[in-house]
Amino acid sequence: MTNYMDPEEDQEIIDSILNALESDEERSFSPSMTRSETNRTYSPQIIRQQHQLQYSLKKIQSPIIGFKLDCWAIQPFSLDEDSYLDGDLILKCKDQQNSRKIQSLFEKGDDEQKEYIFLKILPGIVQLANDIFGNYVVQRILEQGNEKQRDLIFDQLSQSILILSYNTYGCRVAQKLLEISYNTDKFEQMFSILQTQIRNLVVDINGNHVIQKIAELMKQQKIDWLIEGVLGQIQKLSNDSHGCRLIQQILEQSAMPQLNSIYKELLVLQDELCLSQYGNYIIQILLQRGPFEIVQKIQSSIIKNLEKLSCDKFGSNVVDKSVNISSFMRKEILKVFINNMNVFYRLSNNCYGNYVIQNFCKQLDYNQLLKIHPDGNQLNTQFGQHVLQTLQKLKI
């Protein structure tokens with residue numbers, strides 16, 4: 001059991017230890033620093049109020065007597081004592097380390113501390129929202145501030161929602177504003193502003209993220225507004241990872257009557273999209289979710305261009321998807337190989353096509369598999385050997 005020191009009787013010993021600690025420059029510790037910024041033990045101050053010590057039990061290592069001693073640690077610094085929050089806090093938010101520090105202080109502080117930080121930052125909230133490090137401070141306040149603080153930020157930023165949306169860092173704040181205000185008049189106010197620029201936002205590298213956030217929030221509602229924004233721009237959007245994701249969201253969330261105009265545009269571009277780095281994912285979604293007549297047209301195109309697609313890095317993904325989800329496609333492709341084994345050999349010896357053949361064989365039932373009789377001499381590459389080994393294992 002630990003024997004606690006009597007603060008009054010042993011004050012002289014404690015003071016000598018504290019003085020020694022404070023005089024050691026290497027162990028000095030500023031009240032404005034956090035313990036995470038150093039591995040050394042720092043000297044706490046002892047606060048006296050009406051001759052009563054305020055303390056919490058804490059172990060420190062004494063450099064004088066070389067053993068751990070129970071001592072009395074300081075209570076958290078008040079705003080008046082923490083000089084870190086003095087000066088230009090807006091400027092400090094634009095520095096990486098200071099931004100993190102201020103976020104931490106706001107997160108862990110009491111209501112008084114949060115209000116103090118907020119009032120010092122509010123005059124520069126617009127410039128901070130568009131800053132590389134300041135935007136994180138604004139997001140933190142939106143997440144953990146009170147309703148009054150959020151309303152004041154909204155009042156300053158809502159009219160700049162378009163500027164934020166086009167900015168690399170501001171678009172993050174714009175998404176946070178939309179998220180926390182969803183199902184309120186504030187959201188509707190910002191949404192009405194963004195709708196005026198929907199066609200420009202969907203093809204903007206930053207604005208696209210904001211539109212995706214709105215689509216995510218409104219996934220249970222009609223998104224005619226978004227369909228209008230992408231019509232005529234699908235070719236451009238499908239060649240970009242973010243634009244592609246936006247089209248996928250439309251296909252996943254919209255009802256079929258809403259999508260007729262989208263389907264027409266996609267079918268015109270289907271051959272190009274199958275070979276596109278991002279567009280191939282759109283075709284895969286159509287194969288899985290599209291109406292029957294759309295799926296039929298895509299399947300017909302795949303069979304017609306089977307060799308070209310299978311030997312392409314991205315097109316091979318489309319062939320794999322069609323084989324995995326459709327017994328009809330497995331039967332049709334098997335007919336192609338039975339009628340012309342040279343196509344089978346060319347695909348088997350190709351760096352991409354061999355994976356299509358292996359996947360295709362794994363999807364066949366045993367009777368279908370027996371209809372394939374390849375000549376081992378024709379599978380004379382490392383890729384062809386992989387196919388041959390797969391067939392041998394499946395036929396066992």
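Just so we're clear, the structure is a prediction, and the values are computed from it rather than from any experiment.
- The line from CD of Gln113 to CG of Asp111 is 9.5 Å long, rounded to the nearest 0.5 Å.
- Of all heavy-atom pairs spanning Val210 and Ala174, the tightest one is CG2-CB, 4.1 Å.
- With hydrogens and angles ignored, the 3.5 Å screen pairs no side-chain donor or acceptor of Asn208 with any backbone N or O of Asp204.
- Note that CG of Asp240 is 10.0 Å distant from CD of Gln277, once rounded to the nearest 0.5 Å.
- A donor-acceptor pair is defined here as one N or O able to donate and one able to accept, closer than 3.5 Å; no such pair exists between the side chain of Ser326 and the backbone of Val323.
- Contact check for Gln149 versus Glu115: side-chain heavy atoms found under the 4.5 Å cut-off.
- Both Phe337 and Val319 are members of a single hydrophobic cluster when ILVMFWY side chains are connected at heavy-atom separations under 4.5 Å.
- Heavy-atom neighbours of Glu147 CD from other residues, nucleotides or ligands within 6.0 Å: at or below the threshold of 12.
- Side-chain contact check for Met190 versus Phe154: some heavy-atom pair is nearer than 4.5 Å.
- Counted by atom type alone, Gln103 and Gln139 present zero donor-acceptor pairs between their side chains at under 3.5 Å.
- The closest side-chain heavy-atom distance from Leu369 to Leu391 is below 4.5 Å.
- Heavy atoms of other residues, nucleotides or ligands lying less than 6.0 angstrom from NZ of Lys297 number 12 at most.
- At a threshold of 4.5 Å between non-hydrogen side-chain atoms, the residues Phe360 and Leu334 count as touching.
- Looking at Tyr169, its side chain never comes within 3.5 Å of a backbone N or O of Gly134 through a donor-acceptor pair.
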Verify side-chain contact (heavy atoms from CB on, under 4.5 Å) between Asn167 and Asn206, making sure each step is shown before the conclusion.
CA-CA 6 Å; Asn167 183 272; Asn206 301 313; 5.7 Å; no
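- Hydrophobic clustering of Ile, Leu, Val, Met, Phe, Trp and Tyr side chains at less than 4.5 Å, counting indirect connections, unites Val126 with Leu119.
- In terms of modelled atom types and a separation under 3.5 Å, the side chain of Ser310 and the main chain of Leu306 share a donor-acceptor contact.
- When all heavy atoms of Ser238 and Cys244 are compared, the pair lying nearest together is O-CB, 4.4 Å.
- Going from atom CD of Gln385 over to atom OG1 of Thr390 covers 11.0 Å, rounded to the nearest 0.5 Å.
- Sorted by first and then second residue, the salt bridge (charged side-chain N to carboxylate O under 4.0 Å, His left out) pairs involving residues 175-185 (not counting sequence neighbours) are Glu143-Lys176, Glu179-Lys213.
- A donor-acceptor contact shorter than 3.5 Å is absent between the side chain of Asn135 and the backbone of Ala129.
- Surrounding CD1 of Ile163 are at most 12 heavy atoms belonging to other residues, nucleotides or ligands under 6.0 Å away.
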Check the pair Phe118, Leu122 against side-chain contact (heavy atoms from CB on, under 4.5 Å), reporting the backbone distance first and the verdict last.
CA-CA 6 Å; Phe118 173 76; Leu122 184 60; 3.8 Å; yes
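- Residue-environment remark: CG (Asp365) exceeds the threshold of 12 foreign heavy atoms within 6.0 Å.
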Quick one: do Ser301 and Asp271 satisfy side-chain hydrogen bond (donor to acceptor under 3.5 Å, both in side chains)? Show the steps, please.
CA-CA 8 Å; Ser301 178; Asp271 292 342; 2.8 Å; yes
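- Remark: Ile325 CD1 to Asp320 CG distance equals 11.5 Å, nearest 0.5 Å.
- Contact detail for Cys93 and Leu128: the closest heavy-atom pair is CB-CD2, 3.7 Å.
- Here the closest heavy-atom approach between residue Gly384 and residue Leu379 is recorded as O-CB, 3.6 Å.
- Hydrophobic cluster membership differs between Phe383 and Ile372, with clusters built from Ile, Leu, Val, Met, Phe, Trp and Tyr side chains linked at under 4.5 angstrom.
- Considering only heavy atoms from C-beta on, Leu231 comes within 4.5 Å of Glu265 through its side chain.
- Taking the charged nitrogens against the carboxylate oxygens, Lys335 and Glu332 do have a contact shorter than 4.0 Å, which makes a salt bridge.
- Arg100 places no side-chain N or O within donor-acceptor distance of the main-chain N or O of Asp95, the cut-off being under 3.5 Å.
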Working for side-chain contact (heavy atoms from CB on, under 4.5 Å), residues Leu267 and Ile298:
CA-CA 8 Å; Leu267 284 176; Ile298 296 175; 4.2 Å; yes
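- Between the side chains of Asn239 and Gln235, no donor N or O sits under 3.5 Å from an acceptor N or O.
- Shown here for Thr196 and Ile193, the closest heavy-atom pair between the two residues is OG1-O, 2.5 Å.
- Taking CG from Asn354 and CG from Leu388, the interatomic distance works out to 12.0 Å, rounded to the nearest 0.5 Å.
- Looking only at side-chain heavy atoms (C-beta outward), Tyr263 and Leu251 come within less than 4.5 Å of each other.
- Rounded to the nearest 0.5 angstrom, Gln382 CD and Asn349 CG are separated by 10.0 Å.
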Working note: Ile121 + Ile102, criterion side-chain contact (heavy atoms from CB on, under 4.5 Å); need CA distance, chi angles, decisive distance, verdict.
CA-CA 10 Å; Ile121 288 175; Ile102 292 167; 4.1 Å; yes
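- Relative to the ring axis of Phe133, Lys94 does not place its NZ or CZ within 45° and under 6.0 Å from the centre.
- Within a 6.0 Å sphere centred on OH of Tyr281, heavy atoms belonging to other residues, nucleotides or ligands number 12 at most.
- Ile247 and Val268 end up in different hydrophobic clusters when Ile, Leu, Val, Met, Phe, Trp and Tyr side chains are linked at under 4.5 Å.
- Side-chain atoms of Asn98 and Leu89, non-hydrogen and from C-beta on, never get closer than 4.5 Å to each other.
- With hydrogens and angles left out, the side-chain atoms of Tyr278 and Arg245 include no donor and acceptor closer than 3.5 Å.
- Within a 6.0 Å radius of CG in Leu370, more than 12 heavy atoms belonging to other residues, nucleotides or ligands are found.
- Side-chain atoms of Gln175 come within 3.5 Å of backbone N or O of Cys171 as a donor-acceptor pair.
- Heavy atoms from other residues, nucleotides or ligands lying under 6.0 Å from NZ of Lys308 number 12 at most.
- Using a 4.0 Å cut-off between charged side-chain N and carboxylate O, Asp151 and Lys186 make a salt bridge.
- The minimum heavy-atom distance between Glu307 and Arg346, with the atom names listed, is OE2-NE, 2.6 Å.
- Counting heavy atoms from C-beta on, the side chains of Asp131 and Val138 never come closer than 4.5 Å.
- By the criterion of side-chain heavy atoms lying less than 4.5 angstrom apart, applied directly or through intervening Ile, Leu, Val, Met, Phe, Trp or Tyr residues, Tyr136 is not grouped with Leu164; the two fall into different hydrophobic clusters.
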